[in-house]
Amino acid sequence: MIDSAGLYPRASAPLLASPLLQPEIDPPKEGQGGLETAVEASPNTELSMDPELSAVVSTASSDDYAQLQRRYILTTLTVSAFAVAVTALFFDLHIASSVLVGALSGVLYLRLLARSVGKLGNGSKSVSKFQLLVPVLLVLAVSRLPQLELLPALLGFLLYKPAMILQVLLES
C-alpha cells in the first residue's frame with residue numbers, strides 16, 4: 001500500500017519472529033565476510049551445538065507433551081461422561097449407549113493421533129493415517145449392531161473437539 005499522504009506511522013524496526021534475527025544496520029559489502037562473521041558473532045551457537053543441553057531440552061519438551069496429552073484425554077473423558085449422562089437423562093439408553101460408544105472411539109482416535117504426532121522427529125517424517133480407521137470402524141459397527149444409532153455415535157465421536165476447545169480455554 002502506498003502512503004503518499006503520510007497517514008500511517010512507519011515502523012522503526014521490522015517485526016521478526018525471533019530476536020536473534022535482527023537485521024544488520026550496515027550489511028556486509030562484497031568480499032567482507034557475511035555468513036562467517038554472522039556465525040562467529042552468534043552467542044547461541046555453543047548452546048545449540050551442545051548435545052547434553054539438546055537432550056535435556058528434548059526430554060523436557062517430551063514430558064510437557066505427555067502432560068498435554070493426558071490433560072486432553074482427561075478433559076475428553078470428562079466431557080464425554082457429562083454428555084452421556086445428559087443424554088441418558090433426556091433421551092433413552094439406546095441413544096446414550098450410542099453416544100458412549102462414539103465418545104470412546106473419539107478418545108481412541110485422539111490417543112492414536114497424539115501417539116502419531118509424538119513420533120514425529122524420531123525417525124518419522126509424517127503423521128500416520130492409522131487413526132483414520134477409527135471413524136470407519138465406528139460407522140461399520142453402528143451399521144452392524146441394531147442397538148446403536150449412527151447420528152448419536154458420530155456426535156459422541158466428535159466430543160473430543162469441544163473438549164480440546166475447553167482445555168485451551170482453561171489453560172489461558
Side-chain angles (χ1 to χ4, degrees), residues 1 8 11 14-22 44-45 47-172:
M1 177 166 60
Y8 299 104
L15 299 175
L16 300 173
S18 171
L20 299 175
L21 298 175
Q22 293 298 323
N44 293 331
T45 50
L47 294 177
S48 63
M49 300 282 185
D50 187 14
E52 292 175 4
L53 181 63
S54 176
V56 169
V57 169
S58 175
T59 304
S61 64
S62 65
D63 290 343
D64 289 343
Y65 183 66
Q67 286 180 346
L68 181 68
Q69 283 181 6
R70 284 191 288 274
R71 285 195 308 258
Y72 278 156
I73 289 177
L74 183 64
T75 305
T76 302
L77 287 172
T78 305
V79 168
S80 298
F82 179 74
V84 168
V86 167
T87 305
L89 283 174
F90 292 111
F91 301 102
D92 63 348
L93 290 177
H94 288 277
I95 294 177
S97 64
S98 297
V99 171
L100 177 65
V101 168
L104 291 177
S105 63
V107 169
L108 176 64
Y109 173 82
L110 185 62
R111 177 67 186 123
L112 290 174
L113 181 65
R115 187 174 66 171
S116 176
V117 169
K119 288 181 182 177
L120 280 176
N122 295 338
S124 177
K125 295 186 189 273
S126 66
V127 177
S128 170
K129 305 291 187 233
F130 182 69
Q131 69 271 3
L132 295 178
L133 287 175
V134 175
V136 172
L137 292 176
L138 175 66
V139 170
L140 285 174
V142 167
S143 67
R144 301 281 184 202
L145 297 172
Q147 301 89 351
L148 299 177
E149 300 285 330
L150 180 62
L151 187 61
L154 289 178
L155 290 175
F157 174 77
L158 294 175
L159 282 174
Y160 75 91
K161 290 182 180 276
M164 290 182 107
I165 293 171
L166 178 67
Q167 182 63 36
V168 168
L169 292 176
L170 290 174
E171 287 177 357
S172 61

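Everything quoted here is computed from the prediction, not taken from an experiment.
Distance CG/Leu170 to CD1/Ile165: 12.0 Å, rounded to 0.5 Å. Separation of atoms CG (Leu113) and OG (Ser128) is listed at 9.5 Å; rounding is to 0.5 Å. To the nearest 0.5 Å, the span separating NZ on Lys119 from OG on Ser126 amounts to 11.5 Å. Rounding to the nearest 0.5 Å places CG of Leu154 at 11.0 Å from CG of Leu159. One distance of note links OG of Ser105 with CG of Leu133; it measures 12.5 Å at 0.5 Å rounding. The OH atom of Tyr109 sits 13.5 Å away from the CG atom of Leu137 when rounded to the nearest 0.5 Å.
By the 4.5 Å heavy-atom criterion applied to side chains, Leu145 and Val101 are not counted as neighbours. For the pair Tyr72 and Val168, the minimum side-chain heavy-atom distance is below 4.5 Å. Inter-residue side-chain proximity for Asp64 and Leu68 is flagged as unmet; no heavy-atom pair is nearer than 4.5 Å. Taking 4.5 Å as the limit, some side-chain heavy atom of Pro135 sits within range of a side-chain heavy atom of Phe157. No side-chain heavy atom of Ile73 sits under 4.5 Å from any side-chain heavy atom of Tyr160. The shortest side-chain heavy-atom distance between Met164 and Leu110 falls under the 4.5 Å cut-off. Side-chain contact between Ser97 and Leu148 is present, with heavy atoms from C-beta onward closer than 4.5 Å. The side-chain heavy atoms of Leu166 and Thr78, taken from C-beta on, include no pair separated by under 4.5 Å.
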Given side chain to side chain contact (heavy atoms under 4.5 Å, CB included), test Ser80 with Thr76 step by step and report yes or no. CA-CA 6 Å; Ser80 298; Thr76 302; 4.1 Å; yes

Walk me through it: do Val127 and Leu120 pass the test side chain to side chain contact (heavy atoms under 4.5 Å, CB included)? CA-CA 7 Å; Val127 177; Leu120 280 176; 3.9 Å; yes

Kindly determine whether Leu108 and Leu104 satisfy side chain to side chain contact (heavy atoms under 4.5 Å, CB included), including the steps that lead there. CA-CA 6 Å; Leu108 176 64; Leu104 291 177; over 6 Å; no

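Judged by distance alone, the side chain of Thr75 and the main-chain N or O of Arg71 form a donor-acceptor pair under 3.5 Å.
In summary, the side chains of Ser98 and Glu149 do not present any donor paired with an acceptor at a separation below 3.5 Å, with no hydrogens or angles considered. Side-chain contact annotation: Gln69 with Arg115, donor-acceptor N/O pair under 3.5 Å absent.
Atom CZ of Phe82 has 12 or fewer neighbouring heavy atoms from other residues, nucleotides or ligands inside a 6.0 Å radius.
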